[in-house]
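Computed from a prediction, not measured in an experiment: that's the story for all the values here. For ligands, and for the atoms within them, numbers begin at 1 and follow the listed sequence.
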Amino acid sequence: MHGNKEEHPTPHTEQEKILILDFGSQYTQLIARRIRELHVYCEIVPCTFPFDQAMGQQPQGIILSGGPDSVLAEGSLRCDPQYLSLTQGSGKKSAPVLGICYGLQLMTHELGGQVGKSERREYGRAELAVCGESALLEGTKKTSTAWMSHGDHIARPPPGFKTVATSGDIIAAAEDPQRKLYGLQFHPEVAHTEQGRKILENFVLKICGCHGTWTPARFVEEAVRRIREQVGEARVVCALSGGVDSAVAATIVHRAIGDQLTCIFVNNGVLRKDEYSKVLERLSNLGSIREDKRKLNIVGIDASGHFLQKLRGITDPEQKRKIIGAEFIAVFEQAARDLALQHPAGNLPLFLVQGTLYPDVIESVSVKGPSVTIKSHHNVGGLPEKMNLKLIEPLRELFKDEVREVGRTLGLPEEILQRQPFPGPGLAVRILGEVTEERLRILRDADEIVVDEIKRAGLYTKIWQSFAVLLPVQSVGVMGDARTYENVVAIRAVHSLDGMTADWVRLPYEVLEKTSSRIVNEVKGVNRVVYDISSKPPSTIEWE
Ligand code: XMP
């Protein structure tokens with residue numbers, strides 16, 4: 001789905017880069033985050049990444065991540081041993097190597113030291129004591145707290161290595177400065193490691209000699225240059241969702257190739273109140289914030305009637321998703337063909353912009369293999385193959401908050417940058433049971449109140465998602481002197497980092513009270529509001 005190396009020529013070859021070989025640690029992404037916080041570009045590749053290809057990218061340094069394996073176990077993960085003899089390589093450029101946890105154990109095992117099995121797995125905070133001169137630990141406190149998570153330990157460092165820090169009777173850090181090989185038994189990337197940031201800074205900036213020049217502005221410059229090169233005179237289409245990723249992706253591409261880009265925004269009938277018109281207006285205005293004032297071409301297609309007709313009588317959530325996905329592709333494809341007809345040469349666009357982010361890319365190259373988790377839904381599944389389109393993925397090197405930073409550099413309004421995620425199948429998965437015009441009206445009105453009150457309380461940007469759900473039950477109520485038998489709305493608000501796990505938000509009672517009271521008073525057809533206090537797992541964020 002994300003294409004292969006040939007389709008995506010390795011970026012940033014002319015700039016500083018750290019390569020992280022992934023041995024399957026749950027913290028590998030964190031290592032990348034920390035290094036990028038130092039304004040140094042880095043990439044995660046599987047530990048099996050071919051050595052020559054890696055050297056072709058001229059990395060300033062290599063990091064071997066942690067991992068769940070034991071180097072003593074048969075079939076445990078390995079990398080090409082040449083990574084460990086870089087400074088002795090035959091004419092190859094030398095790059096310092098830092099092994100973290102499993103990475104250090106692997107170094108030890110491969111270079112003639114001895115790895116021992118521990119009686120027990122050390123897990124959690126540990127006391128770190130520096131005991132020798134070390135470029136890696138320079139400027140750190142003599143004793144500090146570090147985060148450990150390992151079974152095996154270093155019984156004897158390899159020849160040429162000296163121990164520079166301990167934790168109890170365990171070797172916590174060892175290095176061979178001559179060969180520029182460094183190892184840590186603990187995890188510097190984890191926030192619980194007090195001196196972790198300083199240690200990584202020492203490695204990346206001092207030992208590898210990086211300058212920390214990778215900034216959002218630099219990223220945009222580089223992305224614009226690459227897109228121009230990749231696209232040439234060809235035409236490009238981009239599906240906008242109203243969310244931050246597709247808006248930032250489109251703006252970068254627009255900056256690169258201007259009128260060659262056409263964006264398509266589809267009203268699928270299950271958007272929130274006034275969302276179609278608001279998003280169209282907001283995004284159309286984007287053109288005016290560009291330096292050269294060239295407008296972003298946006299085509300709005302209101303296919304709501306068509307989608308709602310297809311959804312009639314459907315109650316199964318997965319079926320709703322399938323229908324919306326398939327219809328979206330059909331509508332988008334038709335729109336792209338119509339565009340081609342208007343074009344003098346009559347040819348179809350050749351490129352499709354997708355807002356793929358780095359976590360998706362890592363998932364697909366990870367040593368653990370592509371995972372089965374929910375994917376970023378900016379990816380217009382199936383389209384590229386069907387229409388024979390090549391992909392432009394300007395954000396595929398970025399994490400979500402880096403996308404926001406880039407968006408800020410491009411001058412996008414905070415309203416777009418801070419928008420909470422909204423699922424592709426929209427309100428259809430928040431209306432339990434059949435989606436009808438009337439039920440959409442109820443949910444839209446209730447949802448608008450939830451978001452409004454959360455914003456008024458100053459909580460909107462602190463919460464991952466907050467919204468209303470329309471339940472498929474009716475309950476008895478009393479209004480004035482009359483008995484009512486009407487709908488129930490649930491409020492959902494969750495904290496999350498990536499949507500994979502989530503905790504319900506302890507909203508202040510006053511916010512809940514105001515929201516509930518406004519919904520029953522202002523939304524016709526609702527007489528009861530409940531608050532969802534379930535976390536994920538075992539629940540999910542959406543109700544369907
Ligand atoms: P769940 O409900 O699985 O949601 O805990 C996790 C995150 O994914 C979003 N979500 C979807 N997004 N198409 C989407 O584009 C979908 O079918 C879909 N289902 C869930 C959800 O809003 C949350 O952010």
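In this structure, the side chain of Thr461 does not engage the main chain of Gln418 through any donor-acceptor pair within 3.5 Å.
Of the heavy atoms in Glu542, both backbone and side-chain atoms come closer than 4.0 Å to ligand 1.
Under a 4.0 Å criterion applied to the non-hydrogen atoms of Lys536, ligand 1 contributes the atoms 1 (P), 3 (O), 5 (O), 6 (C). When each atom of ligand 1 is checked for a heavy atom of Gly499 under 4.0 Å away, the hits are 6 (C). Per-residue contacts place Gly424 under 4.0 angstrom from the following atoms of ligand 1 (heavy atoms of the residue considered): 12 (N), 13 (N), 14 (C), 15 (O). Close contacts of ligand 1 with Trp464, meaning ligand atoms under 4.0 Å from a residue heavy atom, involve 24 (O).
Geometrically, Arg235 does not engage Phe351 in a cation-pi contact defined by less than 6.0 Å to the ring centre and at most 45° from the axis.
Under the 6.0 Å cut-off for aromatic ring centres, Phe307 and Phe328 do not qualify, their centroids lying 6.0 Å or more apart.
Applying the side-chain hydrogen bond (donor to acceptor under 3.5 Å, both in side chains) test to every pair with at least one member in residues 260-271, sequence neighbours left out, gives these pairs: Asn267-Asp302. Residue pairs meeting the ring-ring contact (aromatic ring centres under 6.0 Å, His included) criterion with at least one partner in residues 397-455, sequence neighbours excluded, are Tyr358-Phe399.
Taking each of Arg430, Lys322, Lys320, Arg321 in turn, the one with a heavy atom nearest to atom 19 (N) of ligand 1 proves to be Arg321. When the heavy-atom distances from atom 16 (C) of ligand 1 to Gly426, Pro425, Gly243 are ranked, the shortest goes to Pro425.
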Item checked: Derivation and outcome, side-chain contact (heavy atoms from CB on, under 4.5 Å), residues Val237 and Val353 -> CA-CA 6 Å; Val237 277; Val353 182; over 6 Å; no
